[in-house]
Amino acid sequence: METLTTAKANLDKNGFLDIETAPDMDFVAEIKRLKKEKNAVILAHYYQESEIQDIADYIGDSLQLAQAAAKTEADIIVFAGVHFMAETAKILNPSKKVLLPDLKAGCSLADSCPAPIFAKFKEKYPEHVVVSYINCTADLKTLTDVVCTSSNAEFIINSIPADKKIIFAPDKNLGAYLQKKTGREMVIWNGACMVHEIFSMEKIVKLQARHPQAKLLAHPECEAKILDIADFIGSTSALLKYTQSVDTKEFIVATEAGILHQMQKANPDKVFLPAPPNNTCACNECPHMRRNTMEKLYLAMQYELPEIHLSAELIEKARLPIDRMLEISAQAGLK
Ligand code: 13P
Ligand code: SF4
């Protein structure tokens, strides 16, 4: 381990900056200073730890963050989120430096759909339009006609002419939910998010019995049995808006627990209960999202590493379905 003063900024073989920070370092002050000095913007997903959300320039769901990335005039984009999100920001800003505080912040859903295997699968359906959830790799995006996020997915599916057949990848739960909502038959890839599959139906029902006034909010990545009993289903930003739009005082929240920070901030007098997972660990925190810390955020900004690198060819191909999604969302006024 080197100290800050002697360190040269190099990533070790695991993609980490092997640098020790001073124990009394004020990360909030340092990150604020670096933001100004380097004209950097911090984009943070709702699933980041509270301190990171509080220092971010934009907090949002996947669509809002992609829209913010498409618009930013900053020189450096620091993505406090996971790899596919930082990749999307890089695809939208090929000439900018995009940093991800921890390169290993991946996504079980993206991992569940390897592009070479999907390419073979797709060959069986040459007439189908491919709609991919943004939670997938840049390679998968190159095999996609239009990307969607949880907040525009229904709209994107409905924008596809009724006579066209659809493949939906990689989330089977979101796919099944969309099939039900839109009435469109789809070929659905068998992938899932490890966080949204962990909720225990039995424990949620018990919690509801103890809090009979509470409304159950669920993200569409949850399994159908949870969605069937939910009072409201939506993307992270839609769930947050919903908590502000109703008089209800108690909510059970079936999505990653990071969103509770913004829900509580927006509604200080209301009570938010994380939906319990089917074991005793804190599994409704995404282990990938939570790899980012204030220390790693500071180091990434100080040393401008780890950086996202993608080939020009990959960027060109992966950009088309993202641009299509942004265009359709803009036409519909979705944000
Ligand atoms: P949204 O940001 O679209 O709500 O999706 C949640 C998610 O799982 C991000 O990884
Ligand atoms: Fe991926 Fe699920 Fe984590 Fe989102 S919450 S980054 S979908 S593993």
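What you are looking at is a predicted structure, and each value in this text was computed from that prediction instead of being measured. Whatever order the structure lists ligands and atoms in, that order sets their numbers, starting from 1.
- When non-hydrogen atoms are compared, ligand 1 lies under 4.0 Å from the side chain of N135 (C-beta onward) but not from its backbone.
- Between A230 and A218 the shortest heavy-atom distance is CB-CB, 3.9 Å.
- The N/O atoms of H45, backbone and side chain alike, include one that comes under 3.5 Å of an N/O atom in ligand 1.
- Within ligand 1, counting atoms from 1 as listed, the ones closer than 4.0 Å to a heavy atom of Y133 are 5 (O).
- Shown in contact with M85 at under 4.0 Å from a heavy atom are these atoms of ligand 1, numbered in order with element: 9 (C), 10 (O).
- Under 4.0 Å from ligand 1, not a single heavy atom of Y46 appears.
- Of all protein heavy atoms, the one lying nearest to atom 8 (O) of ligand 1 is E221 OE2, 2.9 Å.
- Annotation for ligand 1: atoms under 4.0 Å from non-hydrogen atoms of S62 are 1 (P), 2 (O), 3 (O), 5 (O), 9 (C).
- Ligand 1 has no N or O atom lying under 3.5 Å from any N or O atom of S235, backbone or side chain.
- By the 4.0 Å N-to-carboxylate-O rule, R290 lies close enough to E256 to be salt-bridged with it.
- Backbone and side-chain nitrogen or oxygen atoms of H219 are examined, and one is located within less than 3.5 angstrom of a nitrogen or oxygen of ligand 1.
- For the pair R324 and E327, the salt-bridge criterion is not met [side-chain N within less than 4.0 Å of a carboxylate O].
- A side-chain donor-acceptor contact under 3.5 Å links K270 to the backbone of T243.
- Of the candidates L216, V246, L217, F232 forms a side-chain contact (heavy atoms from CB on, under 4.5 Å) with just one, namely L217.
- Between T149 and ligand 1, no pair of N/O atoms sits closer than 3.5 Å.
- Considering every non-hydrogen atom in both K38 and Q302, the closest pair reads NZ-O, 3.0 Å.
- Protein N/O/S atoms closer than 2.8 Å to atom 2 (Fe) of ligand 2: C193 SG.
- The distance between the ring centers of W189 and F121 falls below 6.0 angstrom.
- Atom 3 (O) of ligand 1 has its closest protein heavy atom at S150 OG, 2.6 Å.
- Not counting sequence neighbours, Y58 has no partner by the ring-ring contact (aromatic ring centres under 6.0 Å, His included) test.
- A salt bridge does not link D75 to K96: none of the charged side-chain nitrogens sits closer than 4.0 Å to a carboxylate oxygen.
- Shown are V131, L178, I160; of these, the side-chain contact (heavy atoms from CB on, under 4.5 Å) with R184 is made only by I160.
- Not a single donor-acceptor pair under 3.5 Å links the side chain of N93 to the backbone N or O of S95.
- Taking distance alone, with nitrogen or oxygen atoms compared against 3.5 Å, D61 stays at or beyond that limit from ligand 1.
- Residue E256 does not touch ligand 1, judged by heavy-atom distances below 4.0 Å.
- For ligand 1, the atoms sitting less than 4.0 Å from at least one non-hydrogen atom of M289 are 10 (O), numbered in the order shown with element in parentheses.
- Near T236, meaning under 4.0 Å from one of its heavy atoms, ligand 1 places the atoms 1 (P), 2 (O), 4 (O).
- Side chains of D54 and H261: a donor on one and an acceptor on the other come within 3.5 Å.
- None of M301, E304, E307, K35 except one satisfies the side-chain contact (heavy atoms from CB on, under 4.5 Å) rule with I76; the exception is E304.
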